[in-house]
Amino acid sequence: MTAQKSDLKVQVNALYPGIVQIRRDIHRHPELGFEVQRTAGLAADYLTRLGLKVRTGVGRSGVVADLDVPGASRRIALRADMDALPIEEQSEQPYRSQIAGQAHLCGHDAHTAMLLGAAALLTERREQLPASVRFIFQPNEENLPGGAPAMIEDGAIDGVDYIFAQHVWPLIPSGRAGICRGAVMAQPDVFEIEIIGVGGHAAAPHQTIDPVVIGAQFIANIQTVVSRQIDPRETAVVSVTQFHAGTTHNVIPERAHITGTVRTFNKTVQRKIRNRLRDGIAAICSVYGAEYRLQYQEGYPVLINHPRATEQARRAAGRTLGEENVIYPAEPFPGGEDFAYYAQQIPGCFIFLGTRNEQKGLVHMLHDPRFDIDEEILKHGMALLAEIIMQASRSEE
Ligand code: NI
């Protein structure tokens, strides 16, 4: 075992410069949404050179490659996302984005590069692997409805028993990893409300139906949904983030617009809050005789780690980084992640790969224009993904 472990380290170090180059190449050429043709082409070329069976155009622009292990009865999938964000990067690095207004500020460039590295490591060990592997590179993680549903639709996880993914994580120091027990990410819903009253002179409010007062009451009211109507042992957030109305000081406007977000970690709580918002706006508008339009858009489902997949990920992370560097259970995060769709279908685990490095000034959060990864962690990430497969048991436990 020791020999094998040090072999892996030697190989990781040998692959590392090439994987850094790939990451920087993708970082220079960020692509958005489903339009990830260049990145997908780069991944497909690399996988083809490894001799894997490669399918392109999966889920519109995703790539799926199979590493078939003779005699293996199970298949494990490893997934990376490929899309960037429509944000202007603030960076002096030579590999900074070359496309104005677009940048890899969520680390998906690193996810793609690390999964390619893992594919190279695993292909070299093909004969000794306990399971066949599927490498999944998906588009459009950042935008609803996500890229995962399209990938699943196109058969990306057909015949797959388990699935794993990792996300670079600036809240955890470089060299460590975090694994959540159960819920990992929230369901992030968005609501938009338009209140339609009757406008008029500010000195004659009795002739109007004032949408500002109605909106203010609604906002104050829904703050009690979490504090008074949700079980205190549950976690939920309701935030109003926009409230627009009116144009001047002496006119009561006709309309007010309210936008906000609801973050929940289970379906029962999510439904309850959604219903309370709907009933709340209906009731208050009816009291004042106003009309309203409510749009409620559901975000990705809650991402839940499966207990067996979690065990497997913990084992692999312990071997890769040392037991003392595995944070378990890690804190869930109230963002959203479309890996949730895969994990709804088959047992899955989503790992936070630490990338915070104060000495190097790498402390910025995901989606921050200054976000960058500590490239050293590319080693951890590709080794960790490879270990997940190598540590898998040969048959169903
Ligand atoms: Ni991301």
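Order of appearance sets the numbers: ligands from 1, and atoms from 1 within every ligand. If you read the sequence from its start, that first residue is 1, and numbering goes on from there.
Atoms of the protein (N, O or S only) found under 2.8 Å from the Ni ion (ligand 1) are C106 SG, H108 NE2, H167 NE2.
Smallest separation of non-hydrogen atoms from A386 and L122: O-CD2, 3.7 Å. Among all heavy-atom pairs drawn from Q229 and K272, the shortest one is O-NZ, 3.0 Å. When all heavy atoms of V64 and A156 are compared, the closest pair comes out as CG2-CB, 4.1 Å.
Rounding to the nearest 0.5 Å places CD1 of I273 at 6.0 Å from OG1 of T264.
Below 30°, between 30° and 60°, or above 60°: for Y300 and Y341 the angle between ring planes is above 60°, a perpendicular geometry.
Around CD of Q344, the count of heavy atoms belonging to other residues, nucleotides or ligands within 6.0 Å exceeds 12.
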